[in-house]
Structures are given as C-alpha cells and as structure tokens.
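These notes concern the structure reproduced below.
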Amino acid sequence: MEEPTRTLAYLCPKCRQTVVVERPVFRLAAAPDSLPCPCGGSALRVEMEADHVDLTVPCAYCGGEHQIRCPAHPFLHEKALAFSCKATGLDCLYVGEEAAVFRALRRLEEAAAQLAEKPEGEGAFLNEIIMTEVLGELKDIAARGGISCRCGAKEYKVKILYSAVELECSQCGAKLRLPAATGEDLEDLCCRSSLTIGGRREA
C-alpha cells in the first residue's frame, strides 16, 4: 500500500525561488519538521498535533513569517489548500496533492513576478486592471443575487486588499477571499455564477 503524502510549496523570501517539498503524512505526524529552501535562507516549519497543524511560513511579500493554525483533517485530506499573507492578500503557501499544488504554483509565480517588476509604492493594487475587472465581475454576480453565506445570510461587507477582495458575512463573520492579481484569478471568477461565503476555497 502506497504511503500517503502531502506536497507543500512556498516562495523563499531570500532567493525568490519556489520551494516544493513532498512529505509522507506519517513523518509529518511523528515530529515537528523543517522544510528548508536549498539556498539556506528560509525554512517552512510544520508541527502536527492531534486536531490541528501549526505552520510557520516564510513570506516573500512582507518579509516576515506567518504563524498559521490549520485543522488537521483538511491539512491531511484536501486536494489543495491556500494560505495567504495578511498584508498583501497574496498566497504564500500551498498544501495538498502534488498535481493541484503545481497548478496553483503558476498563480503564485505570476503574482511574484508582477510584484518584482512593480516600482515600490506605485499603485494601490498589485494589478490595477485585474482588480478593476474582478470588482466588475463581483458587482455583476451581486446584482444577480449570487452572493450568500452558508449560514443563509445575504448581507456582507467587502474589503479590498492589495491583491485580493475579501467578502465577510455581516451575520456570522465568515469570510471568502478572492485573489485579484493575475489573469487566472479573473478567469476563475468569470466562470462562477455564484459565490458562497464560508465555503471551502480550492487553490
């Protein structure tokens, strides 16, 4: 029987290269693990407990480290999970099945390239055109009554970030973050006729 594995990927803040590591689930569960970049400039740290996983994620966008706590079941079983930098809204870590993680990495690398080319302090958003188009699509979906929360509420708040838009349910506080940095982000949204706040996000 093949041993189950998880693929983890992040962008090293030191060398700006993507770091992709595959780890057996049993190894992750046995003891805290460090997943270093080959350049030696950063390392992702993973510590599994009975019901959750604590992650220390180096961030190439804000230069710091993010402390993330994720329930154990989705960490071990979801096809793909995405975790983001709170300062920019950009994805900083993917966890899941190998094929799904590699598909998601294309988005991360495209956003990172845009960030590297953008003059510091220029513009309110990572990609002004994509953000404008995403907001337009959201307006169209909302006009059709296509935005709701799992709790049943229809009222929500909109928060516009540097490279994402966050919808928050006014009733229960659940959130849905929609990336708005790349052409693929826009295409994904254009393919959706409705949005559910509090629903599972696939990378």
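Looking at heavy atoms from C-beta onward, Val46 lies in side-chain contact with Phe75 at the 4.5 angstrom threshold. Side-chain contact check for Pro13 versus Cys59: every heavy-atom pair is 4.5 Å or farther apart. Side-chain atoms of Leu161 and Phe125, non-hydrogen and from C-beta on, never get closer than 4.5 Å to each other. Using a 4.5 Å cut-off on side-chain heavy atoms (C-beta onward), Thr182 and Ile130 make no contact. Proximity of Lys157 to Glu166: side-chain heavy atoms (C-beta onward) are nowhere separated by under 4.5 Å. Side-chain contact between Thr196 and Leu176: absent, with no pair of heavy atoms (C-beta onward) separated by less than 4.5 Å. At least one side-chain heavy atom of Cys172 sits less than 4.5 Å from a side-chain heavy atom of Cys149. Taking the side chain as every heavy atom from C-beta outward, Tyr94 and Leu105 approach each other to under 4.5 Å.
Pairing each heavy atom of Tyr156 with each of Ala142, the nearest pair is OH-CB, 3.3 Å. Listed here is the closest heavy atom pair of Gly198 and Arg150: O-CD, 3.7 Å. Closest heavy-atom contact between Glu65 and Pro58: CG-CA, 4.2 Å. Contact between Asp185 and Ala180 at its shortest, heavy atoms only, is OD2-N, 3.7 Å. For the residue pair Leu90 and Ala181, the shortest heavy atom distance occurs at CD2-CB, 4.1 Å. Of all heavy-atom pairs spanning Arg192 and Asp188, the tightest one is CG-O, 3.3 Å.
The CZ atom of Arg144 sits 6.0 Å away from the CG atom of Asp140 when rounded to the nearest 0.5 Å. Ser84 contributes atom OG, which lies 8.0 Å from atom NE2 of His66 (distance to the nearest 0.5 angstrom). With rounding to the nearest 0.5 Å, the separation of CZ in Arg6 from CD in Glu97 is 6.0 Å. Between atom CD1 of residue Ile141 and atom OG of residue Ser194 there is a gap of 7.5 Å, rounded to the nearest 0.5 Å. The NE2 atom of His73 sits 13.0 Å away from atom CG of Asp51, with the distance rounded to the nearest 0.5 Å. Leu8 contributes atom CG, which lies 7.5 Å from atom CG of Leu55 (distance to the nearest 0.5 angstrom).
Residue pairs meeting the salt bridge (charged side-chain N to carboxylate O under 4.0 Å, His left out) criterion with at least one member in residues 7-17, sequence neighbours excluded, do not occur.
Here Thr7 pairs with Val20, Glu22, Glu98, Val101 under the side-chain contact (heavy atoms from CB on, under 4.5 Å) rule; sequence neighbours left out. With sequence neighbours excluded, the residues that form a side-chain contact (heavy atoms from CB on, under 4.5 Å) with His52 are Glu49, Asp54, Arg69. Legend: residues meeting salt bridge (Lys or Arg N to Asp or Glu O under 4.0 Å) with Glu184, ordered by chain and number and at least two apart, are Arg107. By the salt bridge (Lys or Arg N to Asp or Glu O under 4.0 Å) test, Glu137 is found to be paired with no residue, residues two or more places apart in sequence or in another chain being considered.
Formation of a donor-acceptor pair under 3.5 Å by the Lys175 side chain with backbone atoms of Ile197 is not found in this model. Of the possible polar contacts, none joining the Asp91 side chain to the Leu93 backbone as a donor-acceptor pair under 3.5 Å is found. For Arg177 (side chain) and Val165 (main-chain N/O), no donor-acceptor pair under 3.5 Å exists by modelled atom type.
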Test side chain to side chain contact (heavy atoms under 4.5 Å, CB included) applied to Leu138 and Leu195, step by step: CA-CA 9 Å; Leu138 278 174; Leu195 296 169; 3.4 Å; yes
Worked verdict on Val158 versus Leu167 for side chain to side chain contact (heavy atoms under 4.5 Å, CB included): CA-CA 5 Å; Val158 179; Leu167 307 180; 3.7 Å; yes
From CA spacing to verdict: side chain to side chain contact (heavy atoms under 4.5 Å, CB included), Cys70, Phe83: CA-CA 10 Å; Cys70 174; Phe83 302 95; 3.9 Å; yes
Verdict with supporting geometry, Ile160 and Met131, side chain to side chain contact (heavy atoms under 4.5 Å, CB included): CA-CA 9 Å; Ile160 302 174; Met131 180 61 79; 4.0 Å; yes
Can you give the donor-acceptor pairs under 3.5 Å from side chains of residues 25-37 to other protein atoms, not counting sequence neighbours?
from	atom 1	to	atom 2	distance (Å)
Arg27	NE	Asp33	OD2	3.2
Asp33	OD2	Arg23	NE	2.8

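Heavy-atom contacts from other residues, nucleotides or ligands closer than 6.0 Å to CD of Gln67 number more than 12.
Counting only N and O atoms by type, the side chains of Ser42 and Tyr10 include a donor and acceptor under 3.5 Å apart.
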